[in-house]
Amino acid sequence: MNNYQIGLTILSCVSVITVTGVYALTGLCGMFSLGQAAFMCIGAYGTFMLTRYAGIPLIPAALLGVLAGVIVAWVVGRLTLKLRRDYFALMTVALGQAIPSLVVVFSEYTNGALGFTKIPKVNGLIWITLGITVLVVFCIRNLKYSRYGRMCLALKTDELAAKSFGINVYKLKVKIYILASAIACIAGILFALRNRYIDNTQFNWALSAEMQIFLFFGGSNSLTGAVVSAFVLKMLPNILRNVQLFGVSMQEYRIILYCILVLIILNFRPAGIMGEHELNFRWVSRLTAKIKNASGRNGGKA
Amino acid sequence: MTGKLFIQLLVNGISIGAVYALIAVGFALVFSVLKFSNFSFGGTISACAFIGFFFQKAFNQPPYWITVLVSSVAGVLIALTVDLLGFNRIRKKNSPKIYYFLSSVVFAIMIEQILTVFYGTQMYAFPSIFATTTLQIGGITFSKLDMTILAIAISLLVILIIIIDKTKLGLAIRAVAINSNTSRLMGINSSVIIVLTFAIAGFLGGITGVMLGQKYSVYASLGPSMMLKGFIASVIGGLGSLGGAIVAAILLGVVEIFATFVFGAEIVPIVLFGIMLIFLLVRPQGIAGRIAEEKA
Amino acid sequence: MSNVVLKTEGISKSFGGVKAVQQFSMELHEHEIKGIIGPNGAGKTTIFNLLSHIILPDEGKIFLLGEDIENKSQEEVAQMGLSRTFQSIRLFAGLNVLDNVKVGLDNEGKYNLFDAMFLTPRRWKEEKRIHNAAMECLTMLNLEKYKDYRSNNLPYGIQRRVEIARAIVSRPKILLLDEPAAGLLPEEVFELIDFIRLIKEKFELSIIVIEHRMDLIMNLCSEILVQDFGKTIACGTPKELQCDPRVLAAYLGEEE
Amino acid sequence: MKKVLALLLAVVMVIGVLAGCGGQANTGGQTGTDQPSQAPSQSQGTQKDLEPIKLGNIQDLTGSASEAGVANAWGVEYAVKMINSQGGINGRMIELYTEDCKNDATEALNAYRKLVDEIGIHALIGPPLSNSAATWKELVEEDQIPCVGHFMDESCTTDENGNVYKYMFLAEPGCIQQSYSIAKFALEKLGIKTAGVLYNTANAFAVAHAKPFMDYINAKGGKIVVEETFSWSDADYSAQAAKVAAANPDAVFLSDYAAQAKLCYQQLREAGYKGIILGANTLALPFPTLVDGEIYDLYFLQNVDMFSEGTDCYDLLQAFFKENPDSTYPKVNACFGYDAVMVMADAMRRAKDPTDGAEVQALLEQTKDVPTSSGPITIDPKTHRPVGMPMYIATYDENNNVKIVDKIFVSEDALK
């Protein structure tokens with residue numbers, strides 16, 4: 001793979017990481033957030049302002065960046081998650097606009113609209129990103145099949161009934177919101193490391209909405225569906241970069257096309273492409289042999 | 001701040017608040033019957049602004065009211081199309097609320113993208129309706145356009161409130177808003193009422209579109225950029241309450257103008273976010289004091 | 001008789017102008033099955049909602065295991081050992097039968113989010129415990145063959161029983177059953193009566209049951225409260241009530 | 001779930017292969033939305049120095065900045081065609097690869113990586129928007145790809161400590177010089193004493209203009225009496241306008257793209273402000289068609305005099321109109337694209353190996369009096385920005401035609 005393809009893979013992995021976080025939030029708990037891009041913003045700016053101005057090495061800075069996101073999520077979650085879900089969704093929209101505008105307010109340090117650069121170069125970023133992606137997906141998969149996953153699905157279906165089993169719905173929601181936001185922060189940091197340039201306009205609500213579209217395309221009840229669609233739908237437009245259909249560039253129309261696809265899915269297969277199916281281990285094991293041959297270097301990982 | 005400047009800012013705030021009120025009401029109306037936040041409303045507004053503009057251009061400046069009418073009819077049609085393609089099946093299947101959310105977000109993005117891809121490269125401005133744009137009364141400058149918008153907005157809102165409070169249609173809408181299943185049992189065709197509510201919201205969206213387009217020129221993100229303010233207003237006003245939304249929208253306009261004047265524009269989104277947080281904390285039922293309880 | 005596990009002292013609740021429950025007082029003893037009957041709108045479900053603290057009483061006190069629950073949330077009341085079912089079945093549609101039952105235990109699961117995500121030994125141990133407990137409960141109630149089914153694909157009677165299984169898996173002290181026989185066929189009702197007796201014995205429960213079906217109530221309950229327009233109009237053993245004219249007027253007359 | 005990842009990786013591999021094929025298939029045919037300007041058929045030598053030079057071109061072909069981007073791309077293409085028809089660079093043809101960056105930083109970076117890694121370009125023409133170019137300003141050095149463009153924000157060519165980004169070259173006066181020019185004009189020719197600014201803090205272009213304007217006015221005897229800002233999400237500036245009108249400076253500098261500048265202009269006038277309004281080059285045509293109401297006392301920057309016959313840019317724009325009959329007004333970006341290629345071609349001509357990035361970079365630093373449509377360009381090796389280029393000040397007459405009123409020479413070091 002050349003740098004271009006590696007770059008696109010990293011970008012798609014970032015998309016997988018964020019959508020996995022959104023899966024925990026929306027797929028498991030039924031909370032609709034349109035502000036996850038704001039947490040990417042917090043993670044990215046938090047981390048790289050620390051490396052640049054405080055001279056903190058990347059890894060501790062990244063941890064602090066994630067911590068910043070966690071604190072914001074904790075405050076916002078505590079205040080809004082007790083209310084009905086509509087308020088939460090609207091608050092996240094407002095949050096999504098407030099955080100990028102903070103970047104402009106602190107232009108002196110963030111370089112505001114001019115964009116923030118001087119992001120350190122990390123060698124082998126692709127392996128780090130793949131590792132984190134695997135880890136995040138692995139963790140959320142485990143979460144789904146744990147008592148937390150069951151409680152989340154329970155509160156998603158019926159909060160009142162969930163409460164009657166002693167589940168503290170509010171606390172659980174706050175926990176999952178913080179988790180999803182921390183994951184978004186990590187994705188933001190990787191995104192910044194890949195681009196080595198960030199500005200406030202990159203983290204707008206369209207990015208948050210894109211995550212939701214990817215999630216529902218694959219199936220909001222299927223982690224596999226979410227992961228695959230996040231990867232493929234992010235990658236596809238770049239492959240179709242120069243493909244022309246009926247004389248128009250596919251890339252230009254990709255968002256419209258995705259919207260139409262999602263609408264069709266919503267109307268005719270609301271559970272998403274994958275429905276509730278997950279990749280079954282038995283099913284995988286049959287394929288693994290072939291895959292190992294196809295990509296030898298991943299054998300160790302799989 | 002001199003008294004004259006204070007009044008000037010107040011006037012500006014009220015006129016921008018009136019615009020927010022139109023958006024907030026269109027939003028609150030749909031919320032009250034379907035209990036979800038219709039993000040696509042911003043897109044409807046943008047699309048109507050474009051339709052109004054192209055109509056104006058194609059027919060070589062017809063009388064203004066015809067443009068407004070065409071655009072509001074277009075608004076109704078767009079709203080009905082969105083309902084048909086986006087919400088109808090979801091409603092029939094009784095799917096979770098989250099699908100309504102997603103559907104409306106998808107429409108919001110799609111409309112904005114279509115407008116950007118096809119018309120995004122150029123800027124469009126309505127021809128002016130007034131030869132001179134301002135009016136001086138007692139040392140205070142009034143924008144004629146703002147005053148017109150304010151007048152239209154207030155009269156529309158008054159008519160709407162009369163419809164909701166005094167007519168049979170309004171009664172039916174209120175009944176469906178309280179409980180659509182029960183209303184159905186009582187002989188109200190709630191799906192017709194829901195569609196009608198969408199149509200009314202679309203109508204408001206159409207008029208809002210033309211007026212915003214006239215005031216701020218026509219571009220794809222015109223509606224969506226104003227939409228958030230409408231949202232905030234309807235949250236502060238109490239989700240689903242029309243009166244609350246109007247009061248909150250006008251207050252929001254005034255607060256925004258004064259906050260911009262005093263603190264500068266960068267802080268405003270954060271101030272608004274803070275106001276919303278505080279409101280939700282202190283008075284989650286909103287100004288109107290009516291909270292749409294989730295059913296036990 | 002033995003200890004009082006649940007006691008209310010003159011609880012009242014009104015919605016708007018409607019007095020849904022007025023001065024409701026009762027005592028539930030250990031291993032007792034108490035019935036509440038009354039016509040529609042008599043405030044029976046509201047009593048359950050008050051007892052499980054989904055809604056809070058306007059006045060009066062509720063003592064659960066001797067403790068005043070005034071400042072407890074719905075979750076805390078549930079954690080104290082009060083479990084309930086709902087009038088309309090509220091199984092979690094996204095989960096299969098086994099997982100539905102596990103949810104009843106999950107809140108007390110002894111591993112945290114970190115354990116869950118990184119599959120620590122503690123997580124495996126606890127999951128195993130939860131699994132075994134849930135399976136034990138299902139087996140005891142003869143439901144184990146349905147464990148992998150999605151709840152919404154099952155017959156109504158089975159769904160009812162799964163809902164009850166879910167409510168008792170965490171071994172609560174008190175179980176509130178809200179119209180468990182609603183929608184069941186006559187022969188299913190008799191099965192249900194046996195089923196409720198079975199769980200009462202096996203899980204050492206004290207039960208309050210709301211029901212319209214007189215056969216179920218008369219067969220199961222040691223004491224019956226009759227509610228009408230929010231007021232308790234009669235109280236006694238099934239035998240006593242069978243001949244009570246007030247009850248007949250308010251309730252039995254209306255049925256059929 | 002690890003296995004899922006393995007599967008995903010397999011998908012990546014397949015996609016990678018596909019993309020690779022796509023890339024190769026494209027080199028000869030279409031690239032981007034534009035035809036590469038193919039070398040006219042000629043005797044193809046097998047030696048290295050007769051192979052074509054691969055020139056990348058990243059422009060905003062779609063998205064909100066495409067009005068300028070498409071014209072810019074046209075200018076680049078036109079220049080490449082012209083050079084090729086005249087025999088190329090020392091006999092070697094230029095092959096042009098155009099990519100779209102959609103006024104989006106991530107897209108810009110994708111386009112850059114694709115051109116460098118898949119096509120293997122030797123040099124790059126950049127867009128007129130600084131945010132896109134800023135994404136690769138550090139990368140071009142690692143990849144040794146000289147880049148010339150009209151990313152006028154100084155931060156694209158020098159960092160905050162004044163060190164140059166070695167491979168980035170600007171082919172028009174930077175923001176500082178442009179803002180100084182209009183400030184100087186206002187102070188000296190219009191005789192203003194006080195000034196205000198109204199700008200978009202969320203737009204790099206606007207910020208980069210507003211700050212130097214204020215510096216110049218304050219340093220040269222004027223006084224900035226009011227500074228007001230707004231951001232993308234605002235559509236109503238009446239509070240800011242009221243504040244500016246209350247301060248009533250002699251002139252107000254509007255700094256943002258045309259759509260926002262239009263609202264600023266209108267709302268300032270509505271707020272009762274009657275003084276002079278100054279603007280950046282975004283206030284050029286079609287600005288008057290957007291404004292509701294009369295335009296008066298408005299002065300704005302122009303890079304070139306596009307309206308006087310006989311100049312190079314006038315001729316170039318005639319060609320532009322001929323090829324783009326839909327265009328209703330002259331677009332300076334057509335000249336920009338052309339100029340950038342001219343500067344690049346000049347350095348390549350002087351190079352022994354025009355495909356050697358390091359050599360071309362060194363020669364670009366010595367660029368001196370290269371003829372372009374905007375006049376001769378000389379690049380200062382210390383800043384990688386041109387020196388000695390004039391800026392024009394224009395206004396609108398009563399029929400809203402552009403009238404050039406002055407030509408200002410000022411150095412970006414004027415305050416040092």
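Note that these values count all heavy atoms, side chains included, but never hydrogens, waters or copies made by symmetry.
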Other residues, nucleotides, ligands: >12 heavy atoms within 6.0 Å of A:R78 CZ: no
Pair B:F54 and B:Y119, ring centroids less than 6.0 Å apart: yes
B:F87 versus chain A, the contacting section by heavy-atom distance below 4.5 Å: neither
Side chain to side chain contact (heavy atoms under 4.5 Å, CB included) assessment of B:K97 paired with A:F32: CA-CA 10 Å; B:K97 282 276 141 4; A:F32 198 81; over 6 Å; no
Verdict with supporting geometry, A:V19 and A:V227, side chain to side chain contact (heavy atoms under 4.5 Å, CB included): CA-CA 7 Å; A:V19 172; A:V227 166; over 6 Å; no
Interface residue of largest heavy-atom contact number with chain B, from A:I264, A:L102, A:T80, A:V75, under 4.5 Å: A:L102
Leading residue by heavy atom contact count with chain B [cutoff under 4.5 Å; candidates A:T26, A:V76, A:V105]: A:V105
Contact class of A:V262 relative to chain B, heavy atoms under 4.5 angstrom: side chain
Max heavy-atom pair count under 4.5 Å with chain B, selected residue of A:L215, A:L263, A:V104: A:L263
Residue A:I260 versus chain B: region with a heavy atom under 4.5 Å: both
Heavy-atom proximity to chain A below 4.5 Å, by part of B:L228: side chain
Chain B contact via A:L34 - side chain, backbone, both or neither, heavy atoms under 4.5 Å: side chain
Residues of residues 204-212 of chain A contacting chain B, heavy-atom criterion under 4.5 Å, by residue number: A:W205, A:A209, A:Q212
Sub-6.0 Å ring centroid separation between A:F203 and A:F39: no
Residues B:T116 and B:Q113: side-chain donor-acceptor under 3.5 angstrom: no
Structural part of A:S220 lying under 4.5 Å from a heavy atom of chain B: side chain
Only pairs under 3.5 Å count here: list side-chain donor-acceptor contacts from residues 256-265 of chain B, not counting sequence neighbours, and write none if there are none.
{"unit_1": "B:E256", "atom_1": "OE1", "unit_2": "B:Y20", "atom_2": "OH", "d": "2.5"}
{"unit_1": "B:E256", "atom_1": "OE2", "unit_2": "B:Y20", "atom_2": "OH", "d": "3.4"}
{"unit_1": "B:E256", "atom_1": "OE2", "unit_2": "B:K229", "atom_2": "NZ", "d": "3.3"}
{"unit_1": "B:T260", "atom_1": "OG1", "unit_2": "B:E256", "atom_2": "O", "d": "2.6"}

Interatomic distance, A:I256 atom CD1 to B:I111 atom CD1 [nearest 0.5 angstrom]: 11.0 Å
A:F106 and A:Y45: CA distance, side-chain angles, deciding distance, ring-ring contact (aromatic ring centres under 6.0 Å, His included) verdict: CA-CA 11 Å; A:F106 294 105; A:Y45 271 98; over 10 Å; no
Sole candidate of B:F39, B:F36, B:F107 that passes ring-ring contact (aromatic ring centres under 6.0 Å, His included) when paired with B:Y100: B:F36
Part of B:K93 lying under 4.5 Å from any heavy atom of chain A: side chain
B:F27-B:F41 aromatic ring centre distance below 6.0 Å: no
Leading residue by heavy atom contact count with chain A [cutoff under 4.5 Å; candidates B:V271, B:V106, B:L102, B:I267]: B:L102
